[in-house]
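This report concerns only the one structure given below.
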Amino acid sequence: MKSPAQRREALAAQHPEWEVRTISGQLDKAAQTDADKLLVIGNSRNYSYKEIVDWSRQLASSMIAMGISPGDRVAIDLANFPEFVALKYAIARAGAVCVPCNYLLRGGELAYVLSQSGAKMLVTMDVFRGHDYLADLERPEGLETVVVIASGEGNGDFGSDLSLQELCNASTQESDAELVRREAATDGNDISDIIYTSGTTGRSKGVMLTHDMVLRTAYSSALTRAFDDGRRILFAMPMYHVFGYVECLIAATFVGGAIIPQAVFDPHEMLEIAEKQKANEIVAVPMMTMKLIEAARERGFDSQHLHTIFNSGGINPPSIWAEINDVLRPRETVTGYGMTETTASTTCTLPEDDESRLLTCNGGYKLAGVSGDPNIGGRVAEYKAIDPVTGSDLPSGQEGELVTRGPIVTNGYYNKPGETKGAFTPDGWLRTGDLGLISADGYLTLTGRIKETYRCNGEMVMPKEIEDLFSDHPSLAQALVVGIPDPRVGEAGCLCIVPKPGAKPDTDALIALCAKHLARFKVPRHVLLLDASDIPLTVIGRPQKFKLAQLAAKMLAAQQGTEV
């Protein structure tokens, strides 16, 4: 295997200058030289670059025939099926905007995303992992067409909705001609995606990304991680998330690589697939990585083709890096940091970095090459730490609120001007909500979170959405939710309740109420009973969530006889 420097040199030679194009334009460029190479390695069949190009063009033409106009929003509520890839590129070709939905959302949760985004078409599953998506679907005004993909679990009855094949059959000669016009007219600076993430108001916010932002982020990731030609990337993170979408699918196209997406995470099966399909890189969040290590200890693991583990997206126990090396034995291990608002990762350790970097930081500024902005030192994003109270800049190495800017940083949230304004400093830097510091050589270390949100299994959770379930609960005077470190899921929800005088809340019933109304990853794992005097408050009487999280972690540790 060539050195990281040699691999980067080869990658840079293939892309001597940056061209602003669409994500489908990038696929087409890759297909010019890699038409017969595999792009998607599936469970039942594989798809080459040319096959995805042809499939996505057929779908795009059909969408146009069904009335999808430039700028219309098309939502995808799918697991990691090959259809997701073809649809993603089809939406781009049609000049529409993709709204990839978290398929764990239920009923009203999904309806809000569809309504707020103004989705005109939805492509969803019939049944997946026992959940009937059509029976649960609330159809907001403006949603004109629902297209259904059979997962194999349902009975094949879609009612009046279209099957994917019926959508494909809708294309005409007129829509084919219109597709050619749109592919030429769509600009790489147009919005490609609206990806929903939790916000401070308790409702999801649609982060607006452009084609160019996605491609710059993906290219800089490939350059930083030193992709080799034809790299095969195995992952189980959903492609509705920027981790699976940008860091895996789009990044692979810059080297004629392939993705091996898994619809369901099964650590034993994933290791078997890594060996069978000759995966070169496994991309995972810490919870998945730990389960892969456990599975490898049980079954063994031996693959001369796997050379990289990209482990990021949550809180890592310090021992994980040694366990990765001892059990999975990759030649290179990297970690990074980013968020939906920055398209994906903005920092990443280098494969050639000393192992101490993995233990002490969250990566350095990504190498960007031709994708970087010369106005910010040739980077795709840069950070600074500011005083959380005064907003003044802090020197290198001093902890503060992290803010960022650059060509991969979003301009804001779809149809939410108030939230957009509040997300940026007066001089235009995006507030990350994280506390951290940046070293003089550009390595970033996270130290805490100003935001109330937390990540469970890599998914962002907004506590207010959970707290609102208990706003008029007869037994509770107060209900607050915080995230606390958890070795299995990164951060677990803890419901901190103050009972009303004389009340004795049933904690199991409180959790059951959450499970009834919320996606699994939002349901708190712990419940703590507190006195009102236990809740740390600001000078104006608002709960200080970061202090409450520290208190909750200590109390749970004391109950379990462990140390924080």
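Numbering of residues begins at 1 and proceeds along the displayed sequence.
- Counted by atom type alone, Lys366 and Ser220 present one or more donor-acceptor pairs between their side chains at under 3.5 Å.
- No hydrogens or angles considered: a donor-acceptor pair under 3.5 Å links the side chains of Asp354 and Ser356.
- One finds a salt bridge joining Arg357 and Asp441 here, because a Lys/Arg side-chain nitrogen approaches an Asp/Glu carboxylate oxygen to under 4.0 Å.
- Using modelled atom types, one finds no donor on one side chain facing an acceptor on the other under 3.5 Å when comparing Asn362 with Tyr443.
- A 4.5 Å side-chain heavy-atom check between Ile386 and Ser392 finds every atom pair outside the cut-off.
- Salt bridge status for Glu491 with Arg525: absent, with no side-chain N to carboxylate O gap under 4.0 Å.
- Remark: Glu401 pairs with Arg431 by the salt bridge (charged side-chain N to carboxylate O under 4.0 Å, His left out) rule, at least two apart or across chains.
- Residues Gln262 and Phe235 fail the side-chain proximity criterion, which asks for heavy atoms closer than 4.5 Å.
- With sequence neighbours left out, Arg106 forms a salt bridge (charged side-chain N to carboxylate O under 4.0 Å, His left out) with no residue at all.
- Judged by distance alone, the side chain of Thr308 and the main-chain N or O of Glu281 form no donor-acceptor pair under 3.5 Å.
- Heavy atoms of other residues, nucleotides or ligands lying less than 6.0 angstrom from NZ of Lys421 number 12 at most.
- With sequence neighbours left out, the salt bridge (charged side-chain N to carboxylate O under 4.0 Å, His left out) criterion links Asp77 to no other residue.
- A salt bridge does not link Lys464 to Glu467: none of the charged side-chain nitrogens sits closer than 4.0 Å to a carboxylate oxygen.
- The closest side-chain donor-acceptor pair between Glu247 and Ser345 falls under 3.5 angstrom.
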